[in-house]
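Below is one structure, written out as structure tokens; the observations come after it.
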Amino acid sequence: MTSADTSVRLPPLFRRFLVIRAVSLAGSAMTPVALALAVLDTSGRPGDLGIVLAAQVIPHIGLLLVGGVVADRVSRRAVLLGANLVQGVTQGAVAGVLISGHYGLLVIAGLELVNGAAGAFAGPALRGIVPELVAEAALQRANSLLAGTRNATKILGPTLAGVLVATVGGGWAIAVDAASFLVAAALLAGLRLDRGSRISRGPGLWPELRAGWRTFRGIRWVWVTTVAFCLINLLYTGIWQILGPALTRQRSGDAAWGLVLGVRAVGLLVMSALMYRFAFRYLLRAGQLLGVFGGFGLLALGFGAGLPTVLGCAFVAGMGFTALDIAWEVSVQQHVPRAMLSRVSAYGDLLSYIAIPAGQLAVGPLSGRFGAYPVALAGGIAFALASLVPLLVPDVRNLPA
């Protein structure tokens with residue numbers, strides 16, 4: 001590990017893009033809290049919220065691969081601009097429905113369906129556009145700043161959403177999210193990239209999907225680490241989101257879980273700052289090693305630790321997650337062919353995300369049979385193993401930054 005090379009400066013174009021992302025993320029971080037509270041307050045039916053959230057997630061996952069192809073074929077700036085416009089309009093419509101008092105489940109679910117579909121195009125385009133904005137030597141610092149911005153909004157966004165919901169209502173909080181997307185789109189419209197950054201059109205959707213899959217499958221370190229991320233999502237998300245609040249509340253009271261999430265978010269932010277400052281000769285190796293700490297929160301829950309220990313482990317876990325995330329982002333941007341970058345990223349995201357609902361559904365039956373504490377403990381141990389096992393593959397261990 002060495003100090004990052006500060007002689008390679010981040011260009012003004014990237015700094016403008018960072019502002020755009022901050023605007024968009026600030027609004028998006030408010031939406032989960034605002035949408036959940038607004039739908040529950042208006043309908044009074046938890047089932048409605050489940051339908052609305054599913055309507056947003058399903059097209060996002062289902063269209064990820066198409067989004068990857070589109071982002072590799074046309075201007076990634078244009079894809080991001082279009083996605084922000086669609087998400088701004090749909091969230092604005094949701095806000096209008098809620099504020100006007102004309103709530104309808106089908107209307108809200110339909111709007112969120114379109115919103116989730118637009119998000120499927122934004123993710124792959126975002127991954128591909130960063131190398132167009134900065135030199136290769138500055139990719140780690142650029143991605144660290146983007147991660148830090150994302151993590152900061154995770155701390156501030158839900159708090160602001162809660163305040164807005166309590167004072168003026170959930171519809172107005174969602175209206176702020178809509179405005180953030182539209183402002184980001186306007187700023188993107190003024191972001192000019194070189195003509196050479198445009199990717200020429202290919203033979204068609206299915207041939208390009210197959211080409212992306214061949215590239216994904218042919219780069220060993222990519223698919224090995226993706227399998228690891230799939231296992232991590234399978235093991236972690238359900239246990240942390242479902243057992244975490246229950247076990248923490250049981251031992252430390254109602255307010256403890258919010259404190260745990262806040263401390264974890266600080267850990268995310270701290271590691272973003274550290275990875276901006278320090279460079280690694282073998283970044284992917286370092287990310288997998290540091291990623292072991294991501295399971296510490298589950299270990300603390302599984303051992304039935306007191307609140308101070310859980311808080312410390314949550315902080316360290318946040319650091320581990322950020323290290324994994326940044327190491328993957330930079331490695332893909334540095335080593336995957338530019339023309340395939342969005343498609344390979346989309347395959348990685350898809351195979352990682354589909355494990356999340358499976359893990360969430362499995363937590364209840366497993367904890368009912370084996371007990372919540374043993375399940376959390378086993379999840380933490382398995383998390384650490386899933387982060388370490390890819391290092392047995394030389395392509396992962398020896399990938400240079």
Side-chain angles (χ1 to χ4, degrees), residues 1 29 32-33 144 147-159 162 228-229 231-278 280 283 285-328 356 359 363 367 370-389 391:
M1 182 176 67
V33 173
S144 297
T149 302
R150 183 171 62 249
N151 294 331
T153 59
K154 287 180 181 179
I155 300 173
L156 300 175
T159 303
F229 296 151
L231 291 174
I232 285 172
N233 285 336
L234 179 68
L235 298 164
Y236 178 84
T237 308
I239 298 174
W240 183 254
Q241 292 181 346
I242 297 171
L243 296 185
L247 295 179
T248 306
R249 179 182 183 185
Q250 179 181 324
R251 295 184 62 87
S252 305
D254 291 340
W257 184 242
L259 187 59
V260 169
L261 292 180
V263 170
R264 180 182 180 274
V266 174
L268 295 168
L269 192 58
V270 168
M271 181 54 79
S272 301
L274 290 175
M275 294 195 75
Y276 178 84
R277 180 68 180 82
F278 297 103
F280 297 87
L283 179 60
R285 179 197 301 178
Q288 296 297 135
L289 288 171
L290 292 170
V292 172
F293 295 117
F296 274 36
L298 297 184
L299 293 176
L301 293 174
F303 280 118
L307 183 58
T309 301
V310 173
L311 291 174
C313 289
F315 175 82
V316 172
M319 296 181 70
F321 263 95
T322 298
L324 272 175
D325 180 40
I326 294 175
W328 162 261
I356 293 176
V363 167
S367 60
F370 300 106
Y373 289 102
V375 168
L377 182 60
I381 295 170
F383 185 112
L385 290 174
S387 186
L388 288 174
V389 166
L391 294 173

So how far is it from [X] [atom1] to [Y] [atom2], rounded to the nearest 0.5 Å?
{"X": "Tyr276", "Y": "Ile326", "atom1": "OH", "atom2": "CD1", "value": "12.5 Å"}
{"X": "Phe296", "Y": "Phe383", "atom1": "CZ", "atom2": "CZ", "value": "10.5 Å"}
{"X": "Tyr236", "Y": "Leu231", "atom1": "OH", "atom2": "CG", "value": "16.0 Å"}
{"X": "Met319", "Y": "Ser272", "atom1": "CE", "atom2": "OG", "value": "9.5 Å"}

> Does OH in Tyr373 sit with more than 12 non-hydrogen atoms of other residues, nucleotides or ligands closer than 6.0 Å?
Replying inline: yes
Report yes if the side chains of [X] and [Y] come closer than 4.5 Å at any heavy-atom pair, otherwise no.
{"X": "Ile381", "Y": "Leu299", "result": "yes"}
{"X": "Ile356", "Y": "Gln241", "result": "no"}
{"X": "Leu301", "Y": "Leu377", "result": "no"}
{"X": "Arg285", "Y": "Leu391", "result": "yes"}
{"X": "Leu261", "Y": "Trp240", "result": "yes"}

Work out which heavy atom in [X] is nearest to a heavy atom in [Y]; give both atom names and the distance.
{"X": "Leu290", "Y": "Ala323", "answer": "CB-CB, 3.6 Å"}
{"X": "Ala228", "Y": "Ala386", "answer": "CB-O, 3.3 Å"}
{"X": "Leu268", "Y": "Asn151", "answer": "O-ND2, 3.1 Å"}
{"X": "Val310", "Y": "Ala305", "answer": "CG2-O, 3.7 Å"}
{"X": "Ala300", "Y": "Thr309", "answer": "CB-O, 4.4 Å"}
{"X": "Ile155", "Y": "Ala265", "answer": "CG1-CB, 3.3 Å"}

>> Please evaluate residues Leu274 and Met271 with respect to the criterion side chain to side chain contact (heavy atoms under 4.5 Å, CB included), reporting the C-alpha separation (whole Å), side-chain torsions for both, the decisive distance (0.1 Å), and the verdict.
In response: CA-CA 5 Å; Leu274 290 175; Met271 181 54 79; 4.2 Å; yes
Are the side chain of [X] and the backbone of [Y] linked by a donor-acceptor contact shorter than 3.5 Å?
{"X": "Arg264", "Y": "Ala317", "result": "no"}
{"X": "Thr153", "Y": "Arg150", "result": "yes"}
{"X": "Gln288", "Y": "Leu388", "result": "no"}

> Can you tell which of Ile242, Leu235, Leu243 makes a side-chain contact (heavy atoms from CB on, under 4.5 Å) with Val375?
Replying inline: Leu243
>> Walk me through whether Arg251 and Leu307 qualify under side chain to side chain contact (heavy atoms under 4.5 Å, CB included).
In response: CA-CA 8 Å; Arg251 295 184 62 87; Leu307 183 58; over 6 Å; no
